[in-house]
Amino acid sequence: MTTSAHPSDTMPIHELPQVSNMLLHQLFQGTTWHSRLLPSVHKFAYPYRYWGVNISALAAGELLPEVSTLALAKSMLNKRIGIKGLLLFSAKKKALQQFCADDYLHPSVDDDDADNDKKNGLNSAETLEQRLKKAFIKYAGSAPAGEMMGMVVCRNVGLYFSPVNFYLGFDKEQIPTHLLAEVSNTPWDKRHYYGFLLDGTDTEFCHDKDFHVSPFNPIDQLYRWQVKVKKQSDNCLQVRIAINISDARGEVLKTGVKMSGIPMTQTTIRDSLRKNPLMNFTSLTRIYWHAFKLYAIKKVPYINYDEKLADSQQHVKDSTDIS
């Protein structure tokens with residue numbers, strides 16, 4: 001079950017290990033899948049990438065790599081999308097992929113403290129770290145005692161788009177203790193947060209859905225999460241997050257991500273961007289393409305915002321099919 005607590009006015013200060021002993025900034029590469037069972041079967045899976053930013057390390061001064069196009073001056077990447085002279089990856093300047101701390105955990109999570117952080121002279125990474133601690137307290141009931149790792153999508157040629165970002169919290173022994181999901185509903189451009197406490201490397205929990213995401217799913221559904229986080233020998237992580245969604249009809253949808261982390265270096269960033277330089281655009285295109293297939297081809301009825309199953313056209317369709 002989701003736990004919550006009132007945000008504290010004073011943030012607890014946790015001793016963190018030296019930067020050299022922290023979890024690495026890493027690239028998470030793997031697969032996202034979507035398997036709809038009702039009211040019509042519809043399945044797909046495709047490669048996906050998360051930028052694994054150790055937000056605690058970033059705030060402590062462990063910078064992200066800056067990757068230029070210099071080594072790719074004659075590559076097909078530059079010829080195909082015309083980005084000669086543009087950085088491939090940066091947290092400081094415009095780039096093909098740009099990490100911008102202000103894109104995550106909008107200050108609305110705690111509006112009153114947003115201005116205070118600026119007045120206290122915190123940089124953008126430190127401010128993000130403070131927002132994340134406050135979000136963990138607000139949505140999971142406590143803040144992690146150790147590091148906090150973001151699995152986030154970065155801006156792509158200036159476009160920020162992410163259906164969901166995940167944030168992992170650890171104790172001082174780097175055992176996973178917290179999970180925060182930052183969910184966006186694409187057509188309406190709203191955000192919602194789910195926070196949970198983890199029971200080590202393998203955790204399951206369930207709760208009622210309270211945020212409308214898909215125009216093909218009613219609001220009165222149950223989310224069942226399966227979260228596995230394993231540390232690899234190279235100090236990177238393997239992460240599997242699956243959500244099974246059900247309602248009065250039974251199991252409706254299975255979705256999730258399975259990711260393996262590798263150290264975030266100039267070489268690994270270049271290799272990843274060669275394979276998928278425009279992931280934000282391809283993800284957005286896929287979402288609308290599959291929505292079109294569901295609605296226009298498979299005739300799955302549209303469900304209004306925050307509409308319950310009993311009030312929707314899907315309920316009428318299912319009743320007609322059964323009779």
Side-chain angles (χ1 to χ4, degrees), residues 1-2 4 30-46 48 50 106 139 151 153 161-167 179-196 203-227 239-259 280 282-323:
M1 297 296 293
T2 306
S4 62
T31 304
T32 181
W33 69 88
H34 183 110
S35 179
R36 177 175 289 276
L37 306 176
L38 293 171
S40 296
V41 174
H42 184 73
K43 301 180 180 182
F44 61 86
Y46 53 86
Y48 205 69
Y50 276 115
H106 281 176
Y139 297 105
M151 296 175 59
V153 175
F161 169 73
S162 178
V164 58
N165 297 316
F166 297 107
Y167 303 90
L179 172 69
L180 181 74
E182 181 180 32
V183 183
S184 300
N185 52 12
T186 304
W188 303 279
D189 196 27
K190 296 181 180 180
R191 297 195 193 190
H192 186 77
Y193 299 90
Y194 292 112
F196 311 97
T203 308
E204 294 190 17
F205 40 84
C206 61
H207 64 89
D208 291 333
K209 173 182 174 179
D210 54 19
F211 181 59
H212 192 88
V213 178
S214 168
F216 302 103
N217 283 348
I219 191 65
D220 51 339
Q221 292 186 313
L222 182 73
Y223 281 7
R224 185 177 299 276
W225 296 66
Q226 298 172 325
V227 180
V239 179
R240 184 183 187 273
I241 300 174
I243 308 175
N244 294 346
I245 303 172
S246 60
D247 57 30
R249 297 169 292 181
E251 200 164 55
V252 176
L253 179 66
K254 297 180 179 181
T255 186
V257 295
K258 184 178 182 180
M259 297 281 158
N280 293 26
T282 56
S283 296
L284 192 59
T285 301
R286 282 174 171 138
I287 286 174
Y288 282 104
W289 167 241
H290 286 288
F292 172 78
K293 289 176 71 176
L294 282 172
Y295 185 73
I297 299 176
K298 298 192 175 182
K299 307 299 182 184
V300 175
Y302 181 91
I303 289 182
N304 295 319
Y305 198 89
D306 278 351
E307 189 172 41
K308 293 184 177 181
L309 176 62
D311 301 325
S312 72
Q313 294 183 28
Q314 284 193 19
H315 177 74
V316 174
K317 181 178 186 299
D318 292 343
S319 299
T320 302
D321 290 345
I322 292 173
S323 61

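Considering only residues two or more places apart in sequence or on other chains, Arg191 meets the salt bridge (charged side-chain N to carboxylate O under 4.0 Å, His left out) condition with Glu182. Listed by chain and number, the residues in a ring pair (Phe, Tyr, Trp, His ring centres under 6.0 Å) with Phe292 are Trp289 (sequence neighbours excluded). Arg286 pairs by the side-chain contact (heavy atoms from CB on, under 4.5 Å) definition with Tyr46, Thr282, His290, not counting sequence neighbours. For Thr31, the side-chain contact (heavy atoms from CB on, under 4.5 Å) partners two or more places apart in sequence, or in a different chain, are Ala45. In this view, Tyr295 satisfies the ring pair (Phe, Tyr, Trp, His ring centres under 6.0 Å) rule with no residue, not counting sequence neighbours. By the side chain to side chain donor-acceptor pair (under 3.5 Å) test, Thr186 is found to be paired with no residue, residues two or more places apart in sequence or in another chain being considered. Residues meeting the side-chain contact (heavy atoms from CB on, under 4.5 Å) test with Asp210, sequence neighbours left out: His192, Tyr194. The ring pair (Phe, Tyr, Trp, His ring centres under 6.0 Å) test applied to Phe216 returns no partner, not counting sequence neighbours. Tyr305 meets the side chain to side chain donor-acceptor pair (under 3.5 Å) test with Asn185; sequence neighbours excluded. For Lys258, there are no side chain to side chain donor-acceptor pair (under 3.5 Å) partners two or more places apart in sequence or in a different chain. Residues satisfying the salt bridge (charged side-chain N to carboxylate O under 4.0 Å, His left out) test with Lys254, not counting sequence neighbours, are Glu251. Applying the side-chain contact (heavy atoms from CB on, under 4.5 Å) test to Asp220 and every residue at least two apart in sequence or in another chain returns Pro218, Lys308, Leu309.
Between the CG atom of Asp247 and the CD atom of Gln221 there is a distance of 4.5 Å, given to the nearest 0.5 Å. To the nearest 0.5 Å, the span separating CD1 on Ile219 from CG on Asp311 amounts to 12.5 Å. Note that OG of Ser40 and NZ of Lys293 are 12.5 Å apart. Values are rounded to the nearest 0.5 Å. Going from atom CZ of Phe44 over to atom NE2 of His34 covers 4.5 Å, rounded to the nearest 0.5 Å. If you take CG on Leu294 and NZ on Lys299, they are separated by 12.0 Å, rounding to the nearest 0.5 Å. If you take CD1 on Ile245 and OH on Tyr223, they are separated by 4.5 Å, rounding to the nearest 0.5 Å.
Here Phe196 and Trp225 bring their ring centres to under 6.0 angstrom of each other.
Proximity of Ser283 to Phe161: side-chain heavy atoms (C-beta onward) are separated by under 4.5 Å at one or more points. By the 4.5 Å heavy-atom criterion applied to side chains, Gln314 and Val300 are counted as neighbours. Here the side chains of Asn217 and Ile303 are not in contact, with every heavy-atom distance at 4.5 Å or above. Between Tyr193 and Leu180, some side-chain heavy-atom pair lies under the 4.5 Å cut-off. Proximity of Phe205 to Leu179: side-chain heavy atoms (C-beta onward) are separated by under 4.5 Å at one or more points. The shortest distance between side-chain heavy atoms of Lys209 and Leu222 does not fall below 4.5 Å.
Counting all heavy atoms, side chain and backbone alike, Asn304 lies closest to His212 at O-CE1, 3.3 Å. The nearest pair of heavy atoms linking Ser214 to Arg36 is OG-NH2, 4.0 Å. Scanning all heavy atoms of the two residues, the minimum distance from Tyr50 to Val153 falls at CE2-CG2, 3.9 Å. Of all the heavy atoms in Ser184 and Phe211, the pair that sits closest is C-CE2, 4.4 Å. Minimum heavy-atom separation, Val213 to Pro187: O-CD, 4.4 Å.
In summary, the side chains of His42 and Lys298 do present a donor paired with an acceptor at a separation below 3.5 Å, with no hydrogens or angles considered.
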If you apply the rule side chain to side chain donor-acceptor pair (under 3.5 Å), what do you find for Ser162 with Asn165, and how did you get there? CA-CA 7 Å; Ser162 178; Asn165 297 316; 2.8 Å; yes
With side chain to side chain contact (heavy atoms under 4.5 Å, CB included) as the test, would you mind laying out the steps for Met151 and Val239 before giving the verdict? CA-CA 10 Å; Met151 296 175 59; Val239 179; 3.9 Å; yes
Applying side chain to side chain contact (heavy atoms under 4.5 Å, CB included) to Lys43 and Trp33, what does each step give before you reach the verdict? CA-CA 8 Å; Lys43 301 180 180 182; Trp33 69 88; over 6 Å; no
